[in-house]
Amino acid sequence: MSSYTLNSLAHARRGLVILSERGRTIRRRRTAVRCATVRFALMVFALLLMANPSAKAQQIIRIGVIDHMEGSIARAAQLAAKHINDAGGLAGANGTRSEIVVAVTSPDYMDIAAANMRQADVIAVLGPNSPDSALATLSQLGDLSVPVFTTVSSDSLLLQDTSGRVFRSVASDLVQSRALATYLVQSQGASRITTIQLDAASTSSLIGFASALSEVGAGVSNLLYDEIRNDLGAIANQVAARQPEPEALVIYGPPLLAAQSYNQLRSAGFAGLVSYSQAMDPRFTSIVPTDSLPGILVTAPWSFTSSDALSRQFVWDFASAFGTVPDAISAASYDAVGLLAAAYRRPGNLADNIAALQRFAGVQGSLSPGTLPRGETSANVMISEINEFGTPNAVASYRGTTLRAEIRSGVATATPTAQPSPTASGYHLTIRSTYQNVRSGPGLNFDVIGQLPRGTKARVIGATDDFSWLVIDFRGQWGWLAAYLVDAVGNRNLVPIILPPPTPTPPATATIAPPSLADLVIVDAYPARVTLDQQMIVNVIVANQGLAPAGPFAIATSFQPGGRYAAVNLPGLAARQQATVQLGQNLNGATGPQSVIIVADLNDEVFEGDAGEANNRSYAYNYIADREVINSGTWTGNSGLLDLDRNGNVDLSWSGTDLIALNGSMYLMGDFRTIDDAHHDAIGPNLAHASAFNASLLPEALIGFFSSEGGRGVIQVLGLSDDGALTLAYRMYR
């Protein structure tokens with residue numbers, strides 16, 4: 001290489017070094033300028049914040065959802081959060097507003113889902129939708145110590161919750177059964193109703209429907225599918241052979257069996273009403289011909305064909321956001337977020353606030369958790385009929401058993417709700433012997449599934465055709481009692497005849513004698529109403545229905561409201577003996593119906609075998625938590641004056657034709673049947689605008705009353721004769 005070339009390369013290298021140094025210098029200067037600019041912008045932003053505090057970033061509040069991202073719960077929660085955020089955010093009790101963020105996690109692995117919810121620090125959880133997942137993970141979700149909203153309608157779910165933080169966002173199976181029974185009997189005029197039971201899992205729902213029919217003065221006969229013979233045609237033949245033919249059939253069981261049964265019924269010539277709540281399930285519609293679907297009744301918490309304004313707007317917003325129409329789960333989840341927002345605005349415990357809410361305007365209708373048992377938020381039910389295009393069109397909407405509207409051709413016709421509808425007195429029994437066995441069928445060859453002590457009362461929901469055996473709802477299943485051992489009263493003509501289950505086949509040999517074990521079970525608890533803000537005592541009857549004595553054990557529960565724990569230790573209990581113990585607590589919070597599980601053998605100290613251990617947590621104590629009563633009683637007269645709160649001022653006047661509030665106001669309470677169902681917080685001060693009620697409004701009326709001093713009361717009309725004699729029951733609070 002020449003010297004010229006070497007010199008040229010040296011100059012080139014020096015030039016590159018100079019250019020590199022200049023580039024670094026320029027970059028350093030630009031960085032300094034940018035830093036100065038950022039510092040200046042931050043200073044300006046800080047000054048703006050100081051001048052305008054409202055410009056600060058909103059706090060973030062997270063709501064957890066256990067669902068797939070495309071699921072009904074997740075989509076509805078995201079839409080509700082968007083609407084709240086667009087309106088300014090979630091308002092707290094102190095006036096601050098927060099942005100709602102929905103944290104969605106998959107339900108496929110519930111352990112991971114619960115951990116994700118805890119890590120996200122959510123204020124509440126929605127889901128999961130699966131009944132099995134909800135039941136299996138109830139304790140895990142309870143450990144999050146936040147409200148949990150479920151769309152599982154099974155009646156047994158809330159009975160297993162001891163935290164008081166689990167809320168059902170749809171009407172329960174029992175409430176839906178009552179609405180269907182009322183619709184069939186009162187709107188359709190059906191009196192001959194038959195149920196078809198295709199599996200054992202539907203027993204609880206069928207019992208609820210049979211009980212609901214009894215309440216509206218109708219009976220039911222049940223046809224049981226023989227799973228061993230697998231002959232669905234036999235049921236269709238039994239229906240066809242009945243004379244007169246049933247006016248309505250209600251099918252219970254899985255969609256595949258229900259579809260086959262329905263096809264057999266129509267082929268056999270049955271032309272009456274058919275109700276099946278899963279009629280829109282693809283497993284059902286894929287088997288039933290399209291031209292056979294019209295006319296099937298579907299009972300659900302909500303329908304997208306509902307005609308009220310809130311529902312129509314929700315359907316439009318949901319379809320606009322996700323390109324599909326919402327289902328009942330979507331509506332319930334949207335309402336759940338709305339209930340959360342309403343409760344979050346109040347000071348105090350969020351779960352207790354939810355439980356106390358009343359008259360919240362939801363997509364499903366008015367929601368009043370404060371008037372329902374703890375954990376329930378909705379009593380709204382929609383009856384739909386599948387049309388010629390395969391779409392379930394809403395035909396009637398109910399709140400409990402009260403018809404809110406009949407819907408024909410998309411037009412809702414409101415019905416008056418001021419007067420509660422009369423209900424049948426029913427047929428009841430009282431246990432006469434010290435203990436009476438409850439069996440799985442009508443005969444001594446059927447298994448004993450439990451025992452009831454002397455004095456226990458129960459509604460009879462069925463009987464054999466000769467009334468020698470009676471059927472009651474015994475812990476979620478049919479329990480059969482020998483009629484000659486009980487005292488029965490009422491109109492037995494309203495009791496449905498129930499076909500007995502197949503006679504059990506005895507085992508071929510019995511080589512090993514059954515073990516003699518203790519079996520502890522709670523058989524009763526009272527009173528049915530407890531008073532808040534003072535020491536209350538609950539008497540609990542525990543029995544050892546086993547064949548061996550039980551050693552030391554504990555009985556415990558967590559009373560609501562407030563989840564107040566109470567327990568008592570027993571030194572033991574002999575075989576076939578019972579004892580009465582007392583659980584005491586001082587409760588405070590919102591008034592209303594409560595249901596808690598009282599646990600026998602809390603710490604599993606007594607060995608009872610699998611069957612004995614299984615019933616330790618089966619007793620649900622149902623009661624009403626209420627305020628202190630200052631005066632109660634009954635009054636009868638053709639005319640007269642009443643001082644309800646005994647303060648010397650006359651509150652009511654009965655003229656013989658009109659009931660007049662002289663010092664106060666009143667209103668008709670359409671959501672309750674009797675004075676024993678009502679409670680302090682259910683008496684709404686914003687509803688009491690009437691000063692007088694004519695006699696035409698009084699038969700069987702339940703009246704909320706407010707005195708001029710601000711006291712609340714409830715009045716039930718027990719009787720009104722043609723000559724003007726009025727009989728009242730009343731209860732007044734401080």
Side-chain angles (χ1 to χ4, degrees), residues 355-356 358 368 370-374 400 418-420 422-423 526-538 560-561 586-595 622-637 640-654 659-693 697-720 725-734:
Q358 294 191 45
S368 293
T371 65
L372 300 173
R374 178 79 179 205
Q419 299 185 57
T423 58
Y526 58 93
R529 186 180 296 269
V530 303
T531 303
L532 299 175
D533 300 315
Q534 61 181 253
Q535 185 71 16
M536 61 91 173
I537 297 294
V538 174
Q560 301 295 344
N586 193 319
L587 306 179
N588 54 74
T591 69
Q594 304 289 348
S595 183
N622 301 305
Y623 60 97
I624 292 180
D626 209 351
R627 300 290 175 206
E628 182 182 359
V629 175
I630 59 172
N631 190 26
S632 64
T634 59
W635 179 89
T636 300
L641 304 173
L642 290 86
D643 178 9
L644 295 180
D645 49 13
R646 295 191 302 186
N647 66 349
N649 296 324
V650 176
D651 297 305
L652 284 180
S653 168
W654 170 242
L659 186 65
I660 304 168
L662 297 177
N663 288 296
S665 56
M666 53 189 179
Y667 72 103
L668 294 173
M669 300 178 68
D671 291 335
F672 297 90
R673 292 186 299 173
T674 71
I675 192 172
D676 290 329
D677 296 333
H679 52 93
H680 178 274
D681 293 355
I683 306 169
N686 297 328
L687 301 176
H689 302 301
S691 58
F693 288 133
L697 295 175
L698 293 181
E700 300 189 41
L702 196 68
I703 301 169
F705 176 80
F706 284 84
S707 69
S708 57
E709 294 84 4
R712 303 188 190 193
V714 58
I715 304 164
Q716 182 178 2
V717 178
L718 300 178
L720 178 59
L726 179 69
T727 301
L728 302 174
Y730 58 88
R731 182 192 304 128
M732 283 296 297
Y733 302 94
R734 291 194 183 278

### Query
Below 4.5 Å, heavy atoms only, C-beta onward: do V717 and L659 meet side chain to side chain?
no
### Student check: side-chain heavy atoms of W654 and W635 closer than 4.5 Å
yes
### Query
Less than 4.5 Å apart, any side-chain heavy atom of L728 and any of I703?
no
### Summary
Residue set satisfying salt bridge (charged side-chain N to carboxylate O under 4.0 Å, His left out) with R712, at least two apart, ordered chain then number -> none
## Note on the structure
Which of L702, L642, L644, I675 passes side-chain contact (heavy atoms from CB on, under 4.5 Å) with I715? It is L644
### Query
Should E628 and D533 count as side-chain neighbours, where that means a heavy-atom distance under 4.5 Å?
no
### Query
When rounded to the nearest 0.5 angstrom, what is the spacing between CG in L720 and OG1 in T727?
8.5 Å
### Message
Restricting to salt bridge (charged side-chain N to carboxylate O under 4.0 Å, His left out), what partner residues turn up for D643, sequence neighbours left out?
### Response
none
### Message
Could you work out, with ring-ring contact (aromatic ring centres under 6.0 Å, His included) as the rule, every residue matching Y733, not counting sequence neighbours?
### Response
H680
### Query
Excluding sequence neighbours, so at least two apart, what forms salt bridge (charged side-chain N to carboxylate O under 4.0 Å, His left out) with D626?
R529
### Query
Of all residues at least two apart in sequence or in a different chain, which pass the side chain to side chain donor-acceptor pair (under 3.5 Å) check with N588?
none
### Task
Name all residues meeting the salt bridge (charged side-chain N to carboxylate O under 4.0 Å, His left out) criterion together with E709; count only those two or more places apart in sequence or in a different chain, and write none if there are none.
none
